[in-house]
Amino acid sequence: MRNKEQLTGFLLDHAAQRTVSFHMPGHKGSNLYRRFGYDGFLDQMMDCDITEIPGADNLFQPEGVLRNTMDRYRNLYGSRESYLLVNGSSCGLVAAVMASVPAGGRLILARNCHKAVYNALSLAGAQPVYAFPEMLPEYGITGEIRPEEIRRCIAAAPDASAVLIPSPNYYGICSDISSIAEIVHDAGMTLIVDQAHGAHLKFFDENGRAAGRCLMAAENLGADIVINSIHKTLAAFTEAALCNVMSDRVDSDELEDALQKMESTSPSYLLMASLDINADLLEKHGAELIKDWKKELELFYDRAASIDGLQVMTHSRLDDSKINLDMSRRGLNGYELEHELRKRGILAELITGNLVMCMSGIGNTRNDYERLYDALREIAEAGNAIASASGRAEPGNAVAHPRDEDEAERRDEMEGEAPPWPNQSFVLHPVPHKRARTPIDDAIGRVCAQAIIPYPPGIPVICPGEEITEEIVTYAKTLRALGQNVMGIDGDGCVLVGI
């Protein structure tokens with residue numbers, strides 16, 4: 001008997017439902033491994049869960065089989081060195097900052113960085129200088145970091161040691177890494193790119209070169225350190241990632257020392273084996289897999305354009321493996337659209353305002369895209385009826401649909417549309433050392449002492465040292481009412497502020 005209240009019961013029950021995954025990880029289940037002959041590994045995983053026995057090598061002094069896997073990635077990405085990460089991209093980001101910025105030094109970072117980067121600031125004893133991304137008001141999200149914004153930050157902080165930006169961001173929007181790298185290097189600084197959502201871009205670039213498409217992979221565009229979550233879009237297990245060092249601006253000894261501080265001394269051989277299998281797949285079948293992936297995406301986008309009332313986000317620097325869907329023309333906000341997709345067995349990655357982001361991966365099949373298309377067409381046809389059932393019939397008067405039916409009894413319905421990302425305009429103060437908890441409604445005008453972070457996407461909506469505004473409070477409360485996890489707000493609705 002499966003106990004659904006236990007984790008294993010939940011996982012087995014979920015696996016039995018055969019839902020379509022448009023969320024991470026990118027392998028999308030066992031079929032990809034079985035298709036290419038890795039049944040033996042899947043069938044004997046428990047027996048492969050080992051420690052550093054003779055012949056198994058050592059992650060922190062790799063000279064054997066792990067060195068071989070690292071060298072394979074070095075060849076695949078064209079890096080000077082590639083380090084396997086078993087604590088996700090988060091540990092690679094922290095280590096990159098620790099290795100690049102001296103204690104008390106300054107780091108120029110995008111304000112929409114992942115929370116791991118803010119942890120890195122604290123652990124490295126570094127001071128932030130924020131580069132603000134452009135806003136895309138038509139979608140209510142942040143976009144790329146402009147080169148001129150990096151130039152502005154460097155002029156304001158010429159003593160900074162490094163620049164760190166996410167590219168692509170959670171929605172798939174890439175920045176102009178080539179131009180930014182030139183600006184950063186002219187200033188004598190190191191460029192770190194959080195490419196957690198773009199481990200596949202190196203191979204998309206190779207597939208698209210013949211068509212003359214814009215290059216997006218930071219490895220091809222002058223970055224010094226590139227962090228890739230192999231698990232997000234490629235075929236490794238969750239938490240398996242890669243740190244690529246691309247230039248001699250990086251002190252490898254410092255980076256390796258920082259990685260050893262951040263990674264487990266008992267690294268999972270299952271995670272590292274999945275990295276090895278992913279490298280194997282890319283070496284032997286990568287051209288075929290990437291070509292098919294891009295072809296299925298193109299076919300989906302062509303077909304989706306025929307669905308009346310559906311908007312699919314476009315951008316000149318969009319990684320189109322992130323499928324951003326908007327059904328507001330049919331009166332549905334993002335939460336309602338996600339709910340309707342879930343009812344049809346399709347699980348998306350992220351909701352922001354009216355957008356639902358479906359994250360494709362190397363393991364998605366044509367059947368997955370067809371099911372997504374069929375579901376969207378059906379939802380669009382029933383859009384007005386769904387909106388009416390939610391208590392409204394016209395777009396723009398959205399009432400958030402409960403994420404699950406039993407949630408309806410646990411909260412009141414919120415009026416107003418699902419919120420877009422709030423305006424990125426902050427009043428900055430020194431980070432407070434003395435702090436206390438206060439109800440979030442009483443925190444307006446106070447200095448934040450602990451980041452408030454919607455998860456996903458894991459980007460702080462406000463950081464320590466920033467002044468809490470009414471807009472931030474409204475945004476955070478609305479997300480919680482919609483059932484989204486917001487870190488930094490406790491169960492009593494209180495936050496930490498400076499005193």
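From a predicted model like this one, the values you see are computed outputs, not experimental measurements.
- In this structure, the side chains of Lys322 and Tyr171 stay at 4.5 Å or more apart for every pair of heavy atoms.
- Around atom CD of Glu370, more than 12 heavy atoms belonging to other residues, nucleotides or ligands sit under 6.0 Å away.
- Nearest heavy atoms, Arg18 versus Arg371: O-NH1, 3.7 Å.
- Judged as a ring-ring contact (aromatic ring centres under 6.0 Å, His included), the pairs with a partner in residues 240-296 (not counting sequence neighbours) are, in order, Phe36-His285, His200-Trp293, Phe204-Trp293.
- The local environment of CD in Gln61 is sparse, with at most 12 non-hydrogen atoms from other residues, nucleotides or ligands closer than 6.0 Å.
- Annotation: side chain to side chain contact (heavy atoms under 4.5 Å, CB included) contacts of Asn31 (sequence neighbours excluded): none.
- Between the side chain of Glu349 and the backbone N or O of Met24, at least one donor-acceptor pair lies under 3.5 Å.
- Between the side chain of Asp292 and the main chain of Leu289, no donor-acceptor pair closer than 3.5 Å is present.
- Using a distance-only test at 3.5 Å, with no hydrogens or angles considered, no donor-acceptor pair links the side chain of Asp326 to the main chain of Tyr139.
- Side-chain contact check for Asn228 and Glu219: at least one donor-acceptor pair (N or O, by modelled atom type) lies under 3.5 Å.
- Taking Asn75 as the reference, nothing meets the side chain to side chain contact (heavy atoms under 4.5 Å, CB included) condition, with sequence neighbours excluded.
- Met359 has its side chain within reach of His197: a pair of non-hydrogen atoms, C-beta onward, lies under 4.5 Å apart.
- Residues Thr190 and Asp224 have side chains that never bring a donor and an acceptor to within less than 3.5 angstrom of each other.
- Taking the side chain to side chain donor-acceptor pair (under 3.5 Å) definition, one finds that Ser229 meets it with Ser89, Lys232, sequence neighbours left out.
- Residue pairs meeting the ring-ring contact (aromatic ring centres under 6.0 Å, His included) criterion with at least one member in residues 67-112, sequence neighbours excluded: Tyr77-Phe203.
- Residues that satisfy the side chain to side chain contact (heavy atoms under 4.5 Å, CB included) test with Thr365, not counting sequence neighbours, are Asn367, Asp368.
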